[in-house]
Amino acid sequence: MKILGEEFFEKDAVSLARDLLGKYVVFGGFVGRVVETEAYHEDDPASHSFLGKSFRNAVMFGKSGVAYVYFIYGMHHCFNVVCGGSGRGEAVLIRAVEPIEGVDEMKKNRRVDDIKNLCNGPAKFCQAFGISRMQNGTSLADGKGIYFCEDFENGGKPRTTRANTDFEVVATTRIGISKGVDLPYRFYIKGNLFVSRG
DNA sequence: CCAGTGATTCTCT
DNA sequence: GAGAATCACTGGC
């Protein structure tokens, strides 16, 4: 289980959004397989970085491989991966993951029993994993907090999910935005049961 | 469909 | 500054 390092996140947001699909995200005792992402960059009117640096989006303009977590609609958190190289204002939103480990705790956090309804949305994923603004600006490459890895062996047993490369990627328009609506920056694993909308 | 909820940004003074 | 509008969402009709 090798942790993805800073260099993995230095590519542009659209490339990283594709490359994160099938990777495993780990935080505390929670593990999920990334099945749906969206890309945002500075020349994109739907991006928080579009209007330039501010107090809220400052970490978006910092180093690649850092978490950008923001609070929205008065009740929800969304988790993004800063990328594109230093100061580029690019990030990838994690929209959905397939629950792998810590499922019982996720159910408690979400107060929901249906496994398909635990992490199938950006704020649901944060609620299930217990991610909040505490994680804003933290490194994803130092192995101390949230991190990503290529493979995950389920307690030494054979993995219950399909191999990383065994899927097709679908690119569509993004969800929940009013600008840049035609850009095909949403990516998900074709046929996966845990995406927010198939 | 639409309300809830609060941070952020826009649009005027 | 103040008030209005907007918002990378979710859950309950």
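The chains referred to below are lettered A, B, ... by the order of the sequence lines, with proteins before strands, and numbering in each begins at 1. Since the model is a prediction, treat every value here as computed from it, not as a measurement. Note that these values count all heavy atoms, side chains included, but never hydrogens, waters or copies made by symmetry.
The distance from atom CD1 of A:Ile72 to atom P of C:dT10 is 10 Å, rounded to the nearest whole Å. The nearest whole Å value for the distance from the CD1 atom in A:Ile175 to the C1' atom in C:dC7 is 16 Å. Going from atom OH of A:Tyr73 over to atom P of C:dC9 covers 5 Å, rounded to whole Å.
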Structure string for DNA chain C in dot-bracket form, Watson-Crick and G-U at under 3.5 Å, | interchain: |||||||.||||.

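Formation of a donor-acceptor pair under 3.5 Å by the A:Glu38 side chain with backbone atoms of A:Ile175 is found in this model. Side-chain atoms of A:Gln135 never come within 3.5 Å of backbone atoms of A:Ala67 as a donor-acceptor pair (strictly under, hydrogens ignored). The closest donor-acceptor contact from the side chain of A:Glu90 to the backbone of A:Ala13 lies under 3.5 Å.
Between A:Glu150 and A:Lys2, none of the side-chain N atoms (NZ, or NE/NH1/NH2) sits under 4.0 Å from a carboxylate O, so this pair counts as no salt bridge.
Taking A:Lys116 as the reference, A:Asp114 meet the salt bridge (charged side-chain N to carboxylate O under 4.0 Å, His left out) condition, with sequence neighbours excluded. Residues forming a salt bridge (charged side-chain N to carboxylate O under 4.0 Å, His left out) with A:Lys11 (at least two apart in sequence, or on another chain): A:Asp19. Judged as a side-chain hydrogen bond (donor to acceptor under 3.5 Å, both in side chains), and not counting sequence neighbours, A:Tyr188 has no contacts. Remark: A:Ser132 pairs with no residue by the side-chain hydrogen bond (donor to acceptor under 3.5 Å, both in side chains) rule, at least two apart or across chains. Every residue two or more places apart in sequence or in another chain that forms a side chain to side chain contact (heavy atoms under 4.5 Å, CB included) with A:Ala91 is listed here: A:Met60, A:Asn80. Annotation: side-chain hydrogen bond (donor to acceptor under 3.5 Å, both in side chains) contacts of A:Arg110 (sequence neighbours excluded): A:Gln127.
Using a 4.0 Å cut-off on heavy atoms, the residues of residues 40-62 of chain A that approach DNA chain B are A:Leu51, A:Ser54, A:Arg56, listed by number. For residues 74-87 of chain A, proximity to DNA chain B is found at A:Gly74, A:Met75, A:His76, defined as any non-hydrogen atom under 4.0 angstrom from a strand atom. Within residues 107-126 of chain A, the residues approaching DNA chain C are A:Arg110, A:Gly121, A:Pro122, A:Ala123, A:Lys124, by heavy-atom distance under 4.0 Å.
Contact check for A:Thr37 versus A:Ile94: side-chain heavy atoms found under the 4.5 Å cut-off.
Comparing B:dT11 with C:dA8, their P atoms are spaced 16 Å from each other, to the whole Å.
Separating the OG atom in A:Ser86 from the CZ atom in A:Phe61 is a distance of 11.5 Å, to the nearest 0.5 Å. In this structure, the separation between CG on A:Leu140 and OH on A:Tyr68 is 14.5 Å, given to the nearest 0.5 Å.
A nucleotide of DNA chain B counts as in contact with chain A when one of its atoms lies under 4.0 Å from a heavy atom; the first and last such, 5' to 3', are B:dG4 to B:dC10.
Residue pairs meeting the side-chain hydrogen bond (donor to acceptor under 3.5 Å, both in side chains) criterion with at least one member in residues 49-64 of chain A, sequence neighbours excluded, are A:Ser47-A:Ser49, A:Ser54-A:Asn57.
No more than 12 heavy atoms of other residues, nucleotides or ligands sit less than 6.0 Å from atom CZ of A:Arg88.
Base engagement by A:Leu93 is indicated by at least one non-hydrogen atom pair under 4.0 Å involving a base atom.
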